[in-house]
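Below, all heavy atoms of this structure are taken into account, side chains as well, without hydrogens, waters or symmetry copies. Numbering starts at 1 and runs along the sequence shown. Quick caveat, the model's predicted, so the values are computed rather than measured.
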Amino acid sequence: MARTTPPRPLDVEALFPEVAAFRKSATRLHPRPGEPGPRESSMGGPVLWPSSEPWPHCADEHPRTAYSPPRTTEGPVPLVPVLQLFAADLPGLELPPGTDLLQLLWCPLEHDPDFVPRPEVFQWDSACPDLAPVAPSRPDGADDDYLPDPCVLHPEVVTDYPNWDLPDEVADALRARFEQVEEETGWSYWYHLSVSSGIKVGGYPTWTQEPDWPDCPSCDRTMRHLLTVNSREFDGEGWRTWLAVEDTPAEGEIWDLPYEERKLVQCPPDLTIGDMGGVYLFECPDCPDRPLAHRFDCS
């Protein structure tokens, strides 16, 4: 079943034409529990991997806390698949020449200084005969919050307008109008009309704190947002516009559903980054080696 974000309840650009210049396309991935195959775009499922390449491991020191599960083995920790994305499934996914498959893996143990997983991105040509299905085992000592449950994806292109990333001078000029529209209609630009939530490719990061865009280490330009892995598809306020039409209860609100039923919609892969935060991946498309960087927003 497809997943469809409802139309925004107001015409954003008619009400606030100043934000039109900052619109960006984003692709919400809408993961839902399922049994994806290794040749499908998926989250937390089996992936393709070159048989000539060893599976990647993390050799970092991993701080232990009172809440950390015990480890029964020592040594490097195998990374776990988080996202596998085929460009054919996501029109907005721009990959380096000669590649059409992006994989996000991460070490599911905590890392200093943020006590969150460490992500790595890999890009391949899916037509390479060396690629073979793998389903790596999950390492012991990993927090379940960092181990995504297998999900199929339902990509959907939407329009993002900046929230925290709206330039200060524009935000200041629009502040009174934002407040007036919210008072008259009940719809907030910040919560309901700007940045799409959930796990997505492109668009704007769903910052919950001050934006922290990385600069490219090679050319010093601001890097481009590649993808976001959020803890939730929507939150306690944004659900009014970011809950998919197909997941809207026939009666009542999403919060009226039993917890386990609602969780399958609000947090299908069963991930929690910090206090319902997110992981943001960035790239520099201007440099030949397309450097990557990441940021965490742990709320």
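Under the 4.0 Å criterion applied to side-chain N and carboxylate O atoms, K263 and E261 are not assigned as salt-bridge partners. A salt bridge is absent between E246 and R3: the closest approach of a Lys/Arg side-chain nitrogen to an acidic carboxylate oxygen does not fall below 4.0 angstrom. Under the 4.0 Å criterion applied to side-chain N and carboxylate O atoms, D235 and R232 are not assigned as salt-bridge partners. A salt bridge is defined here as a Lys NZ or Arg NE, NH1 or NH2 lying under 4.0 Å from an Asp or Glu carboxylate O, and D247 with R32 meets this definition.
Not one N or O on the side chain of R138 forms a donor-acceptor pair closer than 3.5 Å with the backbone of L79. When atom types are taken as modelled, the side chain of S231 and the backbone of G277 share a donor-acceptor pair closer than 3.5 angstrom. Side chain of Q84 to backbone of E40: a donor-acceptor contact under 3.5 angstrom is found. Panel note: side chain H30, backbone L153; no donor-acceptor pair is recorded below 3.5 Å. Remark: the backbone N or O of V181 is paired with a side-chain donor or acceptor of T185 at under 3.5 angstrom. Side-chain N or O atoms of D165 include none that pairs as donor or acceptor with a backbone N or O of P162 at under 3.5 Å. For R224 (side chain) and E283 (main-chain N/O), no donor-acceptor pair under 3.5 Å exists by modelled atom type. Side-chain atoms of D130 come within 3.5 Å of backbone atoms of S52 as a donor-acceptor pair (strictly under, hydrogens ignored). Panel note: side chain D143, backbone Y146; no donor-acceptor pair is recorded below 3.5 Å. No donor-acceptor pair closer than 3.5 Å links the side chain of W190 to the backbone N or O of S194.
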For this session: Starting from the C-alpha separation in whole Å, work towards a yes-or-no answer on salt bridge (Lys or Arg N to Asp or Glu O under 4.0 Å) for R177 and E179.
Result: CA-CA 5 Å; R177 222 179 314 160; E179 293 174 355; over 6 Å; no

For this session: Would you sort out whether E156 and K200 count as a salt bridge (Lys or Arg N to Asp or Glu O under 4.0 Å), showing the intermediate values?
Result: CA-CA 9 Å; E156 178 205 19; K200 65 182 184 178; over 6 Å; no

For this session: Evaluate the side chain to side chain donor-acceptor pair (under 3.5 Å) criterion for residues T5 and R28: first the C-alpha distance (whole Å), next the side-chain angles of each, then the deciding distance (0.1 Å), finally the verdict.
Result: CA-CA 9 Å; T5 301; R28 301 185 75 194; 2.8 Å; yes

For this session: Please step through salt bridge (Lys or Arg N to Asp or Glu O under 4.0 Å) for the pair R221 and D215, ending with a clear verdict.
Result: CA-CA 5 Å; R221 294 187 181 94; D215 292 328; over 6 Å; no

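We find the CD-OG distance between E233 and S196 to be 10.0 Å, quoted to the nearest 0.5 Å. Summarising the geometry, atom SG belonging to C151 is positioned 7.5 Å from atom CD1 belonging to I199; distances are rounded to the nearest 0.5 Å. The line from CZ of F122 to CD of E120 is 4.5 Å long, rounded to the nearest 0.5 Å.
Counting heavy atoms from C-beta on, the side chains of R262 and W255 come closer than 4.5 Å. Looking only at side-chain heavy atoms (C-beta outward), Y204 and D160 come within less than 4.5 Å of each other. For the pair L29 and L90, the minimum side-chain heavy-atom distance is below 4.5 Å. Put simply, the side chain of L101 does not reach to within 4.5 Å of the side chain of D125, judged on heavy atoms. Under the 4.5 Å side-chain criterion, counting only non-hydrogen atoms from C-beta, L102 is in contact with L227. In this structure the side chain of L281 reaches within 4.5 angstrom of the side chain of V279, judged on heavy atoms. Annotation: side chain of H62 is in contact with side chain of V77 (closest heavy-atom distance under 4.5 Å).
L105 is not connected to V82 by any chain of hydrophobic side-chain contacts under 4.5 Å among Ile, Leu, Val, Met, Phe, Trp and Tyr, and they are in different clusters. In the hydrophobic clustering of this structure, F115 does not group with W106; members are Ile, Leu, Val, Met, Phe, Trp, Tyr whose side-chain heavy atoms approach within less than 4.5 Å, directly or through other members. Placement of F22 and F178 within a single hydrophobic cluster is found when ILVMFWY residues are connected by side-chain heavy-atom separations under 4.5 Å, directly or transitively. Side-chain heavy atoms closer than 4.5 Å link hydrophobic residues (I, L, V, M, F, W, Y) into clusters, and following such links, even through other members, never connects V157 to W242. L174 and W187 fall within a single hydrophobic cluster, where Ile, Leu, Val, Met, Phe, Trp and Tyr are joined by side-chain heavy atoms under 4.5 Å apart, directly or via other members.
With respect to T206, the side chain to side chain donor-acceptor pair (under 3.5 Å) criterion is satisfied by exactly one of N230, N163, T228: N230.
Checked against the 6.0 Å centroid criterion, the rings of W207 and Y280 qualify as a close aromatic pair.
Counting heavy-atom neighbours within 6.0 Å of Y191 OH, excluding the residue itself, gives a total of 12 or less.
Looking at W124 and Q103, their side chains do bring a donor and an acceptor atom within 3.5 Å of each other.
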